[in-house]
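Below you'll find the structure, written out as structure tokens, and then a few comments.
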Amino acid sequence: MNDTDMHRHLPILACLAPLICQAAEATCPDSDLDRRAFFGDLHVHTSFSFDAAANTTGATPEDANRFAKGEPIAFWPLSDSGEPVGAIQIDRPLDFLAVTDHGEFLGERSICRTPDSPAYDTEFCTTFRSDERIGMLMLGAVITTETPERVAEICGEDGSQCLEYAETPWQQVQAAANEANEPCAFTSFIAYEYTGTPMTSNYHRNVIFRGASVPDLPVSYIDAPTDTELWARLDAACGESNACDYLTIPHNTNLANGRMAPYRGTDASMAAKRGYAATRLAREPIMEIFQHKGGSECINGLTSVLGAPDELCAVEAVRHMGETVDLAELGVDVSTLPAGLPQTATTEECAAGEVGVGGMLGAGCVDATDFQRSALLVGLREEQAISQNPIKLGVIAATDTHTATPGAVSESDWRGAVSQEATSAERLEPGLLTSGIDGNPGGLAGIWAEENTREALFDAMLRREVFGTSGPRIRMRLFAGWDIDEDLCERADMVAAAYRQGVPMGGDLASGDGKPRILAYAVKDPMSEDLTDLQLIKGWVGDDGGLHSQVLSLVSAPEGEASLCAVYTDEDFNPRHSTYYYLRAVEPPLKRWHTYDCERLSGDERPAVCDDGRYPEEIREMAWSSPIWYKAQ
């Protein structure tokens, strides 16, 4: 029996780490050995976050869980007294959720808002409470350095005062998830965001815990300013008995300025690189490919990757080669920026070994590791050098909403994700952190699991059998093997046969004879448009070490189809070339969210952006699978 066939004979195959699997009993009456697609959001902020728009509505982790389950919650607009008088409700419930409030400032936020706290009347806390945006910038300054330290004025010299005040909100986060979690019906993970923003470049990760056992406090960027230290501190917090299990998810890498490249904080020795890769393979299996700050699939114009331009790389892109950004024109108070951050910057490729600054503001250089398609190629090439792949990442998507509204991804009724997006007029203006007109509603995570439980979904994330969508609940399958039957698309046992004959998304294609065959399948969201395109993206490292990518059209259906399927043989496959494949399913052009807001305004209310053509009136909704990897022999 091979590994891909084992799931047919065990109740559930629970992979706790790469190459270490154990059988777990099914707990749900509708458990499916061929696995089902579950949709949810693993990146959501509430008023427990220092920078959340939810601070104006008072929405809590409990509210986010209620919203995800389909209940309405209080929302904008606000009354004259500052109370929310509106309501918002998702079009249909999600299957799972992780509330990921920032772990850095749970205590600072609490100590400045608790009237009898020892720091409540300090100048810092008084100013912090005076204005939401001012308070956000005050704390944000702590995490835009590479050597973060807690604010001694409110936390004490050793930071212990803020750590003490972080205990209660962290316990409330846990309680909300545990109370909302309903095995077989709705999964709520305990989670938080690790928010490193060195020199205003993205270094953020979400930390997702398997079960109810978690550290006493989140390990934050202040505690561990590199990914290596984060994993080490989490391991230590979980203890030698591995009392808690976790994984980490990098997000919106399109704004990373090269800082998501591997080995940050480690030396250049072969042993250190291999150790880093081994830890990352075990702890960081997936990344965000899309969220409200834009897409991280690909960017056109990288000189380090050979391949034809891809027009779909431009959908909700916030970085464009050659584009100049003037931060002052975007409304950024440049006096608050870290020293060394230029006020005007043109997007260009980072030099080898260089990292940039200002990515979270749309500035600075871009690196191949900032985008999934090219980062995967860097990982393949690095694997040839150290025998392990340090960038072996499956993909999900998320909203990164800061309004406690997980999965609110409708283009026609988007209500905003961050501060100063409460009205149509506000959303149509340039905002801070790629918000406003530059933002978008975000996407969803899809997980193929046997059942809707924490264990089953977590295991699926570890084995990378996950996918992301830009909003619609498109279901997609991807398998690769040497003996996949060419008639699988017509067979009733398609999925079961594919598991027997190949490996699913997230897996490794072992060496074999002949040319690999790919089974690609996608089904439309029943509440969205038919699908027009099914595309296979192939990346490989050539004989000379060059990086290559190609978009292959498997099915084109201009009139749209409810489902698309193809069995593709890669006739150009070369066993000497390390290769990956991932799937993309695409809907027809649809109106972008801002066109609906423009239609709600008239006359002088309409800003210039409604009519000047600077932003495309149409977008293409799509979904992306995790890759399948082949290691050159």
Taking side chain to side chain contact (heavy atoms under 4.5 Å, CB included) as the definition, give me every residue that meets it alongside A68, ordered by chain and number, with sequence neighbours left out. L94, L97, F186, P406
Step through the shown structure and confirm whether more than 12 heavy atoms of other residues, nucleotides or ligands are within 6.0 Å of CD on Q633. yes
E561, CD atom: more than 12 neighbouring heavy atoms under 6.0 Å: no
Derivation and outcome, side chain to side chain donor-acceptor pair (under 3.5 Å), residues N181 and S188: CA-CA 5 Å; N181 191 58; S188 184; 5.8 Å; no
D34/R477 under salt bridge (Lys or Arg N to Asp or Glu O under 4.0 Å): CA gap, chis, key distance, verdict: CA-CA 11 Å; D34 287 332; R477 297 272 200 178; over 6 Å; no
Candidates Q372, H43, K293 - the one meeting side chain to side chain donor-acceptor pair (under 3.5 Å) with E288: H43
Under the ring-ring contact (aromatic ring centres under 6.0 Å, His included) test, residues paired with F39 that sit two or more places apart: F467
Got a sec, which residues hit side chain to side chain contact (heavy atoms under 4.5 Å, CB included) with C28, two or more places apart in sequence or on another chain? D30, C184, E451, T453
Sidechain N-carboxylate O distance under 4.0 Å for E599, K591: yes
Is the side chain of S374 donor-acceptor paired with the backbone N or O of A368 at a distance under 3.5 Å, no angle test? yes
Check the pair E193 / R205 against salt bridge (Lys or Arg N to Asp or Glu O under 4.0 Å), numbers first and verdict last. CA-CA 6 Å; E193 182 179 316; R205 286 165 162 86; over 6 Å; no
Spacing of CD1 belonging to I437 relative to CZ belonging to R427, to within rounding of 0.5 Å: 10.5 Å
Could you check if a side-chain atom of Y630 sits within less than 4.5 angstrom of a side-chain atom of P516, using non-hydrogen atoms only? no
Side-chain donor-acceptor contact under 3.5 Å, Q291 with N252: yes
Calculate, to the nearest 0.5 Å, the distance between atoms CG and CG belonging to L488 and D493 respectively. 7.5 Å
Could you tell me whether D483 atom CG has more than 12 heavy atoms of other residues or ligands within 6.0 Å of it? no
Less than 4.0 Å between a side-chain N and a carboxylate O, is that true for K538 and D570? yes
Minimum heavy-atom separation for V395 and I286, please, with both atom names. N-CG2, 4.3 Å
Is the number of heavy atoms from other residues, nucleotides or ligands under 6.0 Å of D487 CG greater than 12? yes
Does anything in residues 616-629 pair up under side-chain hydrogen bond (donor to acceptor under 3.5 Å, both in side chains), and if so which pairs, sequence neighbours excluded? E297-W624, S470-E621, T532-R620, D533-R620
First locate atom CG of L376, then atom CD1 of I537, and finally report the distance between them rounded to the nearest 0.5 Å. 11.0 Å
For T569 and R517, does a side-chain donor sit closer than 3.5 Å to a side-chain acceptor? yes
Any carboxylate oxygen within less than 4.0 angstrom of a Lys/Arg side-chain nitrogen, looking at R584 and D310? yes
After noting the C-alpha distance and the side-chain angles of D370 and I299, does the key distance pass the side-chain contact (heavy atoms from CB on, under 4.5 Å) rule? CA-CA 9 Å; D370 292 352; I299 187 171; over 6 Å; no
Give the minimum heavy-atom separation between T46 and A404, together with the two atoms involved. CG2-CB, 4.1 Å
Residue pair R473, D525: steps toward the salt bridge (Lys or Arg N to Asp or Glu O under 4.0 Å) verdict: CA-CA 5 Å; R473 301 189 191 189; D525 178 341; 5.3 Å; no
Between E71 and K69 (salt bridge meaning N to carboxylate O under 4.0 Å), is one present in this structure? no
Residues D63 and R66 bridged, charged N to O under 4.0 Å: yes
Test: R283 cationic atom under 6.0 Å from Y246 six-membered ring centre, within 45° of axis: yes
Are P472 and E587 packed together at the side-chain level, in the sense that at least one heavy-atom pair is separated by less than 4.5 angstrom? yes
With F209, which residues qualify under ring-ring contact (aromatic ring centres under 6.0 Å, His included), at least two apart? none
Donor on one side chain, acceptor on other, N389 and E382, under 3.5 Å: no
Given E316 and R592, is the salt bridge (Lys or Arg N to Asp or Glu O under 4.0 Å) satisfied, shown in steps? CA-CA 10 Å; E316 295 298 4; R592 187 176 186 262; 3.0 Å; yes
From CD1 (I90) to OG1 (T405), nearest 0.5 Å: 8.5 Å
Residue set satisfying side chain to side chain contact (heavy atoms under 4.5 Å, CB included) with V523, at least two apart, ordered chain then number -> R475, Y521, S563
Under 3.5 Å side-chain donor-acceptor pair for E450 and S31: no
Look at the side chain of Q501 and the backbone N and O of A498, then say whether any donor-acceptor pair between them is shorter than 3.5 Å. no
Plane angle bin for H548 and W540 - parallel if under 30°, tilted between 30 and 60°, otherwise perpendicular: parallel
If we ignore angles and hydrogens, is there a donor and acceptor under 3.5 Å between the side chains of S424 and D597? yes
